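Data block below; observations after.
In this text, all values refer to a predicted model and were calculated from it rather than measured experimentally. As a basis for the values below, the full set of heavy atoms in this structure was taken, side chains included, without hydrogen atoms, waters or symmetry mates.
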Amino acid sequence: DFGSGVSSMRKIAIVIQLSDASDYEGGDLQFYTTKNVTTAPKDKGTVICFPTYFLHRVTNVTKGKRRSLVLWVSGNPFR
């Protein structure tokens with residue numbers, strides 16, 4: 001979400017959980033905070049907003065389908 005070119009204009013990521021947590025296994029949105037990994041809630045309808053420079057990932061979906069809507073708020077690069 002963060003890098004050179006168009007992605008460098010992304011400031012905020014917004015992830016909306018569209019699937020019910022019981023519809024899939026895996027697919028955890030995780031953030032690396034200091035020495036810990038924090039896993040975001042998976043409840044349907046949950047909205048998670050974070051700066052795109054936060055180190056994050058989504059683990060592999062091992063069963064079912066995970067659906068989410070991802071939006072980015074863009075602007076001038078951070079200084």
Would a distance-only check, ignoring hydrogens and angles, find a side-chain to backbone donor-acceptor pair under 3.5 Å from Thr39 to Gln30? no
Just verifying a value: how many Å separate Arg57 CZ and Thr59 OG1, rounded to the nearest 0.5 Å? 6.5 Å
Assigning hydrophobic clusters by single linkage (Ile, Leu, Val, Met, Phe, Trp, Tyr; side-chain heavy-atom cutoff under 4.5 Å), is Ile12 placed with Leu69? yes
Do Tyr53 and Val58 belong to the same hydrophobic cluster, where Ile, Leu, Val, Met, Phe, Trp and Tyr are linked whenever their side-chain heavy atoms lie under 4.5 Å apart, directly or via other members? yes
Arg67 meets the side chain to side chain donor-acceptor pair (under 3.5 Å) criterion, sequence neighbours left out, with none
NZ (Lys44) and OG (Ser19) are apart, to the nearest 0.5 Å, by 7.5 Å
Is it possible for you to say whether Trp72 and Phe54 belong to one hydrophobic cluster, with membership spreading through side-chain heavy-atom contacts below 4.5 Å? yes
Between atom CZ of Arg10 and atom OG of Ser74, what is the distance when rounded to the nearest 0.5 Å? 9.0 Å
Please walk me through it: do Val47 and Val15 pass side chain to side chain contact (heavy atoms under 4.5 Å, CB included)? CA-CA 6 Å; Val47 178; Val15 179; over 6 Å; no
Taking a hydrophobic cluster as the set of Ile, Leu, Val, Met, Phe, Trp and Tyr residues connected by side-chain heavy atoms closer than 4.5 Å, whether directly or through intermediates, do Leu71 and Leu18 fall within one such cluster? yes
Taking Asp28 first and then Lys42, would you say they form a salt bridge - that is, a charged N and a carboxylate O separated by under 4.0 Å? yes
Can you tell me how far apart CD1 (Ile14) and OG1 (Thr52) are? Round to the nearest 0.5 Å. 11.5 Å
Closest heavy-atom pair, Ile48 versus Ala40, reported as atoms and distance to 0.1 Å, is CD1-CB, 3.6 Å
Donor-acceptor under 3.5 Å (Asp20 side chain, Ser22 main chain): yes
Would a distance-only check, ignoring hydrogens and angles, find a side-chain to backbone donor-acceptor pair under 3.5 Å from Arg66 to Gly27? yes
ring-ring contact (aromatic ring centres under 6.0 Å, His included) filter on Phe31, not counting sequence neighbours, yields Phe50
